[in-house]
Amino acid sequence: MALAHDNKAALDLYQDMYRVRQFDSMASKLFAEGKLAGNIHTCIGQEAVCVGACRAVAASDFIASTHRGHGHCLAKGGDARLMMAELFGKATGYCHGKGGSMHIADLDLGILGANGIVGAGIPIAAGSALASRIRKTGEVTLCFFGDAASNQGSFHEAVNMAAAWKLPVVFVCENNLYGVSVEIHRVTSVPDIAERAKAYGIPGTVADGNDVFSVLAAVTEAVERARRGDGPSLVECKTYRHHGHYEGDPQAYRSRDEVEKWKRRDPIVRLRAEILSGGMAGADEMAALEAAVDREIEAAVTFAAESPWPSASEATTCVYATDNDRSVAR
Amino acid sequence: MALAHDNKAALDLYQDMYRVRQFDSMASKLFAEGKLAGNIHTCIGQEAVCVGACRAVAASDFIASTHRGHGHCLAKGGDARLMMAELFGKATGYCHGKGGSMHIADLDLGILGANGIVGAGIPIAAGSALASRIRKTGEVTLCFFGDAASNQGSFHEAVNMAAAWKLPVVFVCENNLYGVSVEIHRVTSVPDIAERAKAYGIPGTVADGNDVFSVLAAVTEAVERARRGDGPSLVECKTYRHHGHYEGDPQAYRSRDEVEKWKRRDPIVRLRAEILSGGMAGADEMAALEAAVDREIEAAVTFAAESPWPSASEATTCVYATDNDRSVAR
Amino acid sequence: MRTINYGKAISEAMHEEMLRDESVFILGEDMGVMGSVFGLTRGFMAEFGADRVIDTPISENGFVGMAVGAAIRGLRPVVELMYVDFAPLALDQIANQAAKMRYMTGGKVKVPLVVRAPGGAGRRNAAQHSQSLDALFTHIPGLKVVAPATPFDAKGLLKSAIRDDDPVVFLEHKFCYAMQGEVPEEEYVVPLGKADIKRPGRDVTIVAWSRQVIFALEAAKTLAAEGIEAEVVDIRSLVPLDFETISASVRKTHKVVVVHEAIKRGGYGAEIAAQIMEELFDWLDAPVKRVAGLNVVIPFSPALEDAVFPHVPEIVAGVKEVVR
Amino acid sequence: MRTINYGKAISEAMHEEMLRDESVFILGEDMGVMGSVFGLTRGFMAEFGADRVIDTPISENGFVGMAVGAAIRGLRPVVELMYVDFAPLALDQIANQAAKMRYMTGGKVKVPLVVRAPGGAGRRNAAQHSQSLDALFTHIPGLKVVAPATPFDAKGLLKSAIRDDDPVVFLEHKFCYAMQGEVPEEEYVVPLGKADIKRPGRDVTIVAWSRQVIFALEAAKTLAAEGIEAEVVDIRSLVPLDFETISASVRKTHKVVVVHEAIKRGGYGAEIAAQIMEELFDWLDAPVKRVAGLNVVIPFSPALEDAVFPHVPEIVAGVKEVVR
Ligand SMILES: Cc1ncc(C[n+]2csc(CCOP(=O)(O)OP(=O)(O)O)c2C)c(N)n1
Ligand SMILES: Cc1ncc(C[n+]2csc(CCOP(=O)(O)OP(=O)(O)O)c2C)c(N)n1
Ligand SMILES: [Mg+2]
Ligand SMILES: [Mg+2]
């Protein structure tokens, strides 16, 4: 992997992955302490996918995210403070507290939005690619979705259209083996989700979702193809979530052994070891980098905790562009 | 083809196909004369598919049909008189005139129902197969759908579940190249719909949809597999509709040449020639058979024309099993 | 003034907006090569190219979702559902995505999308091709909902809908397509959220929209012959609703009949009736009467279909009940 | 009598009906191995086997459609939509297929299907996991719609729904799951279409369903302290609606407040209000008042969410408006 030998790039990837890990670990902790409400879906264990994939695109490119979206958002440049404030439901959050964890969007960063409806982001991503094509502006859109989302009709419909029209979109499946409690092979008869590419005549590849270089390479190839005008690809990244489906999930559906096995393949531990053993950075440098990220996350929490709540009047704004009072009244 | 050498079987197939042709030709004529209202979708040109596929199953098996469903219904044993009366909207029709051409059902004959929503019959067929499996009653369900219907999410969702759970259903795609005006390859990137079977790990085969023996053989194999408990198959039958999408369609989207080319492959002309040249029946016998069917269709029209309209009070019955008055009032 | 039909008026609105704004594009089943099953986009593909007049596969949730995605990116898709009966297939994208996006993102994301959908019964299209599903949309915050009755309103409202920065569901009536009406050659728009008094009158207010406005006007003629002067208020926009115009009329007439084709139970007429009661109770001489579709599935039979939704006689009878 | 919670009552209803009738089976996301995300089918898969307690993929339209197909074949599927917010994905199968099948086929085909769907706000689940979509179903002829408030009603109504030969949408409230109530050990059913007077009173009628019944009862207590005796009518079934019970109450109290959590515009409260006006106009001393959700998307923020739908104070205030 060319990039693996580029020290700066490897450290950047590590930093991004570590940031995602620390953000979601913090969210998990805050939830356990009763400081966050609602549903929190962490991507702890899956950091190589969001970071590897987002590194394959430019700032001007777009991503569509999912309910498990903190990592996508951070990897595409999201501000941890505004994200944390959104998780708290504060006025300073990305969505002024109105969206919460599952609805963060920032078009300036190319983040089309997370989504609480499994599979709904897939046509939206394809539509973004259609917009790039109509405008001839050259952006590529990355579409993240889970293994289980690939069983939604929206997956089929959107991938079919993207393939038929050769739209510049890359479908990145984060296969963490489960949709909530349901092991994917109990409800899907192909061994790899990537097989499904054959139904649309597009490339389907499998990446090691716990190896950021594997993800980066596979997605880079797909992005180049899309950028050339040759249409979409499906990249399946095999990975695993260390936590439950949501925080608080008792996880009776999977064995401790399975979880332990995957934890031994932790993508962050692995990259850290590669960096150190490859001499790309020293232990001190790594510790400093980690400390800086830790401070960033702490600062995000402080920012969020100290931020004001949205005022009551915010409940009725932003339903429409204008004329909210009238439209909300009737 | 073993069956091709069985005179009786060949003649039966011919008779069924000829009945479908004459029924739909009559419907077309009546529509042109202003005697039928609404939408009439004929399957003229596609008769080998419905007849070949239905011949592969038993009376106790089930089929789910489509908006282009007269042929399926007749091939599964539907009564031309009750069907024609339904097309007229008469009280004697299959649905007492309440359903019309797109909603004919008869559970006693294993006809689960036609459907006006493209693709909606696919999960219903899979659900019928699930019922057979839960009850262990051994029936197979045939699911008819068009090429364009294979782009609906419902196709993906239902085929996936049927495949994952190895349900006894056979997905029969009637690929007549168009969904209304849209040539299938403008909106689908695989050459054959049968390719899509790969996304579900099930067999996908292509039959000559204008050769009843080809359809019969392919569907028979799939039915046997389903009956054995080995799960679903996708059988794509390549065919063509001679008429417009609906009666009255100006068909500006396709060339006269294309239509003529396919008319030269008329499945009925072809089977008739095979029967005569193979000495399976003489010209007289064929003429007699055809005359009998012609009389049957004429009788159906007479029956329909002379049947009473549903009474006005029928408008508010059958919304619910009981308690219609009350439920309809509020 | 020149006269064109409602279908042509809709076609002109799309055509003019596509010329005016490059970000407007069309997508839906049979919109391109065929020019739509109702002929409304005939010639568009040749004129604007296949990137701006897109023939989709039969994937309602998918292509409405793509329109949502393109709208988020700043384009202005005008998407057609061939029949409004297919809206349930796309309702997640309409109601959970397009409608909620602005609010969920605290105003960060807008979805300037128009979903056109023909509805209505009377064409023997049977249960799954004949519904009026207005009430599925009016209950969803974040959507605007429009249902014009005349060529003039159809053209002017569609132009406003396309320029609007929020998702608009544009409900057309299949039976109106062939109806003629005066439409100026010059550019004009009809604003969303403004009702129109299609006929003034002092004795009773008939509130209606879509095809029922046509029936209401005929009913008003019949009633006038018997000395009852009905005021016909065409709300045109269901959301936002111009309650002020309704209110002014009711304060004048003290009697109201709300008419719609959709089934009565949970129809938008209930909402209008409830609002009138809440705000104008003391002005009412009689309860607000609803004349609406029966609570049944639409039957196919020519002997049954017309009996399940209102025509002129039902409106006349309804008015007589409140004015007697 | 013993006390159990609403979740357990629903669980018992499914369990008893599965024992009673082999044709009853369960299907939905996480219903098997996990026993449903709300724990309602825990242990069912072990007891009844994987053929009768089916874990589906995330394919709402598909698995509801399969339930329709199985119901047509004579089974009695009880399907769960994990959140009612996902119903738009499955609405074609619910509204165009299940609801219309009997009518379209002239009575030939029946669809004895139950669609269970938890709804409701207040849990910080945000815009796409908090809606009350009652009105999406009540407007569709052919569906029955039920929304119990108490463990007793939940169990008895679910048993009736499972035995019913028509498709029933069974709306549960997530906030009710943990609420306790008396439920007999013995077999009983609550018929569909019968309202229940949860508290008698002479001064005002509060019509409510689902969680709002709980709030209405609390409001009634507060009001009683001020000398206002509210009668709380829990309709339980939205379709069919027991208008006779409402009517009797209104003839007694002459004042009505209709309360629901769903947004007000086009909510089912409008229908009830309109019917009361149409039939009981002369009995009313004040206009029917609706206390309902604001016409907004549900916000996530704990600082905002509770403000967008009614709680006890809003009901108390609403009642005072009509009785003053
Ligand atoms: C349409 C829809 N159905 C069900 C759910 C509930 N739900 C949320 S996440 C999830 C599982 C998603 O699995 P997958 O796509 O593999 O993503 P993962 O959670 O594993 O990252 C489910 C069933 C939902 N939010 N939306
Ligand atoms: C959900 C839905 N979308 C669109 C339509 C309108 N429509 C009816 S038939 C048809 C084309 C179907 O094509 P195909 O599945 O290939 O069947 P064919 O008509 O060719 O037999 C369309 C678009 C419909 N009835 N239902
Ligand atoms: Mg997963
Ligand atoms: Mg076709």
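Naming convention: chains lettered A, B, ... in sequence-line order (proteins, then strands); numbering from 1 in each chain. When reading the values below, keep in mind they use all heavy atoms of this one structure, side chains included, and skip hydrogens, waters and symmetry mates. All values derive from a computational prediction rather than experimental measurement.
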For this session: Count the heavy atoms belonging to other residues, nucleotides or ligands that lie under 6.0 Å from CG of Asp21(C), then report whether that count exceeds 12.
Result: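 More than 12 within 6.0 Å, yes.
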For this session: Determine whether more than 12 heavy atoms belonging to other residues, nucleotides or ligands lie under 6.0 Å from atom CD of Glu47(C).
Result: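 Count over threshold, so yes.
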Report yes if some heavy atom in the side chain of [X] is under 4.5 Å from a heavy atom in the side chain of [Y]; otherwise report no.
{"X": "Leu75(C)", "Y": "Leu130(A)", "answer": "no"}
{"X": "Thr105(C)", "Y": "Glu86(A)", "answer": "no"}
{"X": "Asn61(C)", "Y": "Glu157(A)", "answer": "yes"}

Using heavy-atom distances under 4.5 Å, tell me whether [X] contacts chain C through its side chain, its backbone, both, or neither.
{"X": "Leu167(A)", "value": "side chain"}
{"X": "Asn324(A)", "value": "neither"}
{"X": "Ser132(A)", "value": "both"}
{"X": "Glu314(A)", "value": "backbone"}
{"X": "Asn160(A)", "value": "side chain"}

Quick check for you: to the nearest 0.5 Å, what is the distance between [X] atom [atom1] and [Y] atom [atom2]?
{"X": "Leu192(C)", "Y": "Asp323(A)", "atom1": "CG", "atom2": "CG", "result": "9.5 Å"}
{"X": "Lys100(C)", "Y": "Cys318(A)", "atom1": "NZ", "atom2": "SG", "result": "15.0 Å"}
{"X": "Met104(C)", "Y": "Ile104(A)", "atom1": "CE", "atom2": "CD1", "result": "12.0 Å"}
{"X": "Gln97(C)", "Y": "Ser154(A)", "atom1": "CD", "atom2": "OG", "result": "9.5 Å"}

Exercise. With no hydrogens and no angle check, is any side-chain donor or acceptor of Gln93(C) less than 3.5 Å from a backbone partner on Ala120(A)?
Worked result: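 Present.
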Exercise. Are the side chain of Tyr103(C) and the backbone of Ala315(A) linked by a donor-acceptor contact shorter than 3.5 Å?
Worked result: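 Side chain of Tyr103(C) to backbone of Ala315(A): a pair is present.
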Exercise. Does Asp51(C) come within less than 4.0 Å of Arg133(A), counting only side-chain N to carboxylate O?
Worked result: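 Counted as a salt bridge, because a side-chain N and a carboxylate O are separated by less than 4.0 Å.
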Problem set entry | Residues Glu271(C) and Arg330(A) bridged, charged N to O under 4.0 Å |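 No salt bridge links Glu271(C) with Arg330(A).
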Contact leader toward chain A among [options], where contacts are heavy-atom pairs under 4.5 Å:
{"options": "Ile72(C), Val64(C), Leu27(C), Ile58(C)", "answer": "Ile72(C)"}
{"options": "Val109(C), Val68(C), Val239(C), Asp92(C)", "answer": "Asp92(C)"}
{"options": "Gly107(C), Gly142(C), Ala71(C)", "answer": "Gly142(C)"}

Highest number of heavy-atom pairs under 4.5 Å with chain C: which of [options]?
{"options": "Ala126(A), Pro310(A), Ala125(A), Ser327(A)", "value": "Ala126(A)"}
{"options": "Thr141(A), Asp108(A), Ile117(A), Leu107(A)", "value": "Ile117(A)"}
{"options": "Thr317(A), Val328(A), Thr322(A)", "value": "Thr317(A)"}

Exercise. Taking the six-membered ring of Tyr94(A), is the NZ or CZ of Lys108(C) close enough (under 6.0 Å from the centre) and on axis enough (within 45°)?
Worked result: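 Lys108(C) over Tyr94(A) ring: no.
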Problem set entry | Pi-cation contact, Phe62(A) with Arg73(C) (under 6.0 Å, within 45°) |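 Yes; both conditions hold, so Arg73(C) lies above the ring face of Phe62(A).
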Please look at [X] and chain A and tell me whether the side chain, the backbone, both or neither of the residue comes under 4.5 angstrom of a heavy atom of that chain.
{"X": "Phe63(C)", "answer": "both"}
{"X": "Glu278(C)", "answer": "neither"}
{"X": "Thr138(C)", "answer": "neither"}

What closest approach, in Å, do [X] and [Y] show between heavy atoms, and which atom pair accounts for it?
{"X": "Tyr320(A)", "Y": "Leu143(C)", "value": "OH-O, 2.7 Å"}
{"X": "Val319(A)", "Y": "Asp166(C)", "value": "O-OD1, 4.5 Å"}
{"X": "Met161(A)", "Y": "Gly62(C)", "value": "CE-C, 3.4 Å"}

